[in-house]
Amino acid sequence: MLELIVISTLNGVLFGMLLFLLSSGLTVIFSMMGVLNFAHASFYMLGAFFGFQLTKWIGFWPALVLAPLLVGAIGMAVERYGLRNTHKHGHVAELLLTFGLAFAIEEIVSMIWGKSPLDYRVPALLDFPAFTIFSTNYPAYKIFMLAVSVIIFVALLIVLKRTRVGLIVQAALTHPHMVGHLGHNVGRVFMLVFGVGSALAALAGVIAGPALVTQSDMAASLGPILFVVIVFGGLGSLPGAFVASLVIGLVQTFAVALDGSLASAFGPLDPSAGPSVLTDIWNVTVAQVAPIVPYLLLVIILIVRPMGLMGTRES
Amino acid sequence: MRKLTLAIAVIAPMLGHAASAEDTIKIGYIDPLSGGGASVGEGGLKTFQYLADELNAKGGILGHKIEIVPLDNKTNPQESLVQAQKAIDAGVHYITQGNGSSVGAALSDFVAKNNTRNPGKEVLYFNYAAVDPSLTNEKCSYWHFRWDASSDIKMEALTNYMKDTPSIKKVYLINQDYSFGQSVRTDARKMLGAKRPDIQIVGDELHPLLKVTDFSPYIAKIKASGADSVVTGNWGQDFALLLKAAADAGLKVNWYTYYAGGAGGPTAVKQTGLDHQVFQITEGFANSGNKAAMDYEKAFRAKVNLSLWYPRAVNEMRMFKAAAEKANSIDPVKVAAALEDLKFEVLDGGTGIMRKDDHQFLQPIYISSLGKLTESEPFDEEGTGWGWHLVSRIDTPQAMVSTTCKMTRP
């Protein structure tokens with residue numbers, strides 16, 4: 001039992017940190033521009049595919065740096081030539097733009113790389129068990145993923161809270177006009193933030209690609225959970241996104257480990273009732289519904305605390 | 001005059017088109033060509049295209065060329081029906097599908113309804129891999145024919161092997177949460193319970209179909225349960241990722257599987273380092289020892305660059321030809337009648353029969369294990385250097401289970 005708890009905690013934290021890497025960019029972009037970037041998970045996917053391709057050409061480590069830079073550049077172009085032009089038509093136009101972009105990216109990716117999963121392998125340097133607990137190996141690559149996520153989190157916090165750049169960004173979040181009057185180029189700040197957000201998503205893609213599956217529908221399968229993270233954590237709150245990521249990662253992992261059902265808690269239904277929809281629901285285990293648990297959390301938090309765990313404003 | 005020329009100009013190509021549509025036999029291949037099942041679906045498509053080319057090179061079926069029409073169903077029953085309608089509108093009278101019993105059930109139902117409503121335009125559904133037993137039991141249909149062994153036939157054979165392996169004490173079941181996965185778990189529980197009551201079922205897991213990207217939480221659970229063997233019907237990405245997570249965690253158990261040979265499976269097995277500890281149950285395999293089958297495998301690999309996962313597809317297409325020739329017609333109704341009780345020499349050797357009662361093809365079944373190859377085993381899988389090794393062969397009479405099918409015949 002202890003073994004299961006320790007391993008599940010590790011797995012949950014790892015998944016949570018990966019979610020954070022993805023949602024940090026999304027949450028900053030959202031709070032800044034008020035736009036839910038539906039294409040954010042697509043940048044994650046682009047990161048994975050660019051990472052795969054660059055790894056083939058120049059190796060994993062250069063790819064780890066280059067792929068996010070490339071995707072960041074694409075992100076900036078999207079902001080400069082797409083979002084900025086649609087901005088004057090209101091948020092709905094912006095939303096639709098990112099929505100369409102997500103589909104376009106998926107189509108383009110599946111045209112270039114096909115629809116089957118790619119053979120994106122863990123680099124040989126990290127392909128060994130880092131340590132063994134209770135006779136279960138923990139792969140070094142996962143530790144690496146964890147380390148990258150933690151470093152990015154700390155770096156992001158320092159930049160936002162302790163530097164001039166962070167000061168301007170934070171001010172632009174709440175008082176864009178004031179920042180503009182003080183002589184800062186707010187447009188450029190937005191563009192850079194969008195670029196950095198996209199690059200972060202891509203970085204998550206490059207490192208998650210070999211560990212999870214790299215294929216053309218990976219954005220669609222991950223997109224919805226990101227919105228859960230940023231809403232659950234509180235819109236625009238970076239620490240909120242961090243906590244929410246960890247909570248969701250852990251909840252999802254532990255839900256898989258739980259075999260409990262209503263039947264095991266309260267005893268089976270009277271057999272004379274016969275098989276019915278009710279007995280089906282009664283016997284469903286927590287493990288079976290693990291994938292929908294985060295969405296349940298989303299619904300609950302929206303009812304109980306609409307601004308999210310650490311959000312400051314209602315949206 | 002000008003109107004007449006115009007009319008001819010418009011109609012003539014249509015006539016030409018209609019004529020050529022009569023000449024070719026179109027087979028609608030409805031399977032996942034995107035999403036988590038894509039790797040499996042693409043492999044199947046290449047196999048059927050190879051088989052069609054082979055038949056065409058020998059003059060086709062009764063002089064008609066075969067054309068495979070690929071249709072992507074994303075492993076989704078609803079999408080499959082849209083694709084099936086599209087196929088029928090395009091003049092398809094034969095549909096083949098395999099991946100996903102939920103899809104199989106929807107298609108079988110759809111084809112039956114279509115045939116009642118459109119007499120004279122019947123469609124046959126050739127099922128090469130959807131193995132949920134209900135398709136040939138309570139949900140059986142006259143228009144559905146299955147070439148793969150149903151999952152209860154496979155489980156019968158598998159548990160017969162497991163019951164004679166005393167080292168098995170604790171079994172963990174992990175399956176995909178849909179009709180096929182559920183029938184694997186219930187069959188396994190029932191048959192193991194009857195044959196080896198001393199075996200403990202230490203886990204019985206269902207997970208979402210083709211949605212899980214990281215199986216480490218499940219592996220942690222298997223590890224914690226103390227299981228020595230795992231029984232799984234997982235296929236496609238769900239098998240490859242399951243084994244990948246097991247390899248990462250260093251889980252050392254025996255695996256009893258249905259589809260370890262599918263795309264990515266052997267690579268994942270090699271990574272676990274479980275030499276001859278992953279077993280698979282199939283209707284044939286590369287190193288079966290049958291010369292004709294092995295020659296076929298060689299030619300197939302040389303052209304398609306894949307191992308032949310579906311010997312049953314070979315049986316399906318060859319039997320289609322045999323039935324059409326027996327009926328001397330490519331009319332689906334006559335072909336269906338000719339297929340019933342048709343005896344056939346299968347690719348890997350031995351005689352199979354398409355049982356009239358439920359349209360289930362009964363054939364010899366093999367259990368094989370993946371590991372280092374011996375001298376007489378030439379074929380490895382996915383370039384791993386490991387290949388399939390014969391463990392047990394179950395002949396047709398022992399690989400039958402009874403059916404509850406009450407078929408409505410036209």
Side-chain angles (χ1 to χ4, degrees), chain A residues 1-12 14-15 18 106 110 114-119 121-122 127-130 132-142 208 210-218 220-222 249 252-259 284-285 287-292, chain B residues 32-43 45 72 74-75 174-177 181-182 202-226 236-238 240-241 244-252 263-264 267-268 271-273 382-383:
Chain A
M1 197 60 208
L2 183 67
E3 171 184 0
L4 190 60
I5 292 172
V6 171
I7 295 283
S8 294
T9 309
L10 267 173
N11 284 331
L14 179 75
F15 183 56
L18 207 62
E106 180 170 341
S110 64
K115 291 182 169 179
S116 318
L118 296 180
D119 185 23
R121 302 247 173 105
V122 170
D127 196 9
F128 62 92
T132 308
I133 28 173
F134 306 107
S135 77
T136 294
N137 296 334
Y138 210 78
Y141 191 73
K142 289 196 165 176
L212 309 177
V213 204
T214 305
Q215 65 181 23
S216 62
D217 69 344
M218 63 196 282
S221 61
L222 205 75
Q252 221 174 359
T253 315
F254 272 97
V256 167
L258 285 176
D259 269 328
V284 162
T285 63
Q288 262 172 286
V289 295
I292 59 157
Chain B
L33 299 172
S34 64
S39 54
V40 183
E42 275 181 5
L45 177 60
D72 180 13
K74 308 184 173 84
T75 332
I174 178 162
N175 289 291
Q176 295 151 323
D177 196 359
Q182 281 157 7
V202 291
D204 186 354
E205 188 89 54
L206 290 173
H207 64 80
L209 173 65
L210 300 174
K211 291 252 164 26
V212 182
T213 47
D214 183 9
F215 274 94
S216 344
Y218 295 96
I219 294 296
K221 219 169 146 185
I222 296 176
K223 188 118 197 183
S225 75
Q237 156 190 315
D238 282 344
L241 291 176
K244 194 171 157 188
D248 280 347
L251 179 70
K252 299 278 175 210
T267 307
Q271 281 174 3
T272 60
E382 298 184 343

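In what follows, chains carry the letters A, B, and so on, assigned in the order in which the sequence lines appear, proteins first and then strands, with residues in each chain numbered from 1.
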Review point. Shortest non-hydrogen contact from Leu210(B) to Gly37(B)?
Key: CD1-N, 3.7 Å
Check your understanding: Side chain, backbone, both or neither: which part of Ile7(A) has a non-hydrogen atom closer than 4.5 Å to chain B?
Key -> side chain
Revision key, fill the gap. The interface call for Asp177(B) against chain A, heavy-atom contacts under 4.5 Å, is side chain
**Study point:** Residue part contacting chain A, namely of Leu33(B), when any heavy atom lies under 4.5 Å
**Key:** backbone
Study note, to complete from the structure: Cut-off 4.5 Å, heavy atoms of chain A, and the answer for Lys244(B) is side chain
Review point. Any chance the side chains of Glu382(B) and Thr267(B) put a donor and an acceptor closer than 3.5 Å?
Key: yes
Exercise for review: Let me know if Ser225(B) has heavy atoms under 4.5 Å from chain A in its side chain, its backbone, both or neither.
Suggested key: neither
Point to revise | Part of Ala211(A) within contact of chain B (heavy atom distance under 4.5 Å) | key: backbone
Review point. For Leu241(B), is it the side chain, the backbone, both, or neither that has a heavy atom closer than 4.5 Å to a heavy atom of chain A?
Key: side chain
Review point. So, are Glu3(A) and Lys223(B) salt-bridged, with charged N and O less than 4.0 Å apart?
Key: no
Practice item. Say whether Lys221(B) and Ser8(A), considering side chains only, have a donor N or O and an acceptor N or O under 3.5 Å apart. Key: no
Practice item. Inspect the surroundings of NZ in Lys252(B) and state if more than 12 heavy atoms from other residues, nucleotides or ligands are less than 6.0 Å away. Key: yes
Check your understanding: Side chain, backbone, both or neither: which part of Leu118(A) has an atom under 4.5 Å from a heavy atom of chain B?
Key -> neither
Review point. For Thr253(A), is it the side chain, the backbone, both, or neither that has a heavy atom closer than 4.5 Å to a heavy atom of chain B?
Key: both
Exercise for review: Taking all non-hydrogen atoms of both residues into account, name the closest pair between Asp72(B) and Ser34(B) and its distance.
Suggested key: OD2-OG, 2.9 Å
Check your understanding: Of the backbone (N, CA, C, O) and the side chain (C-beta and beyond), which part of Asn137(A) lies under 4.5 Å from a heavy atom of chain B, both, or neither?
Key -> both
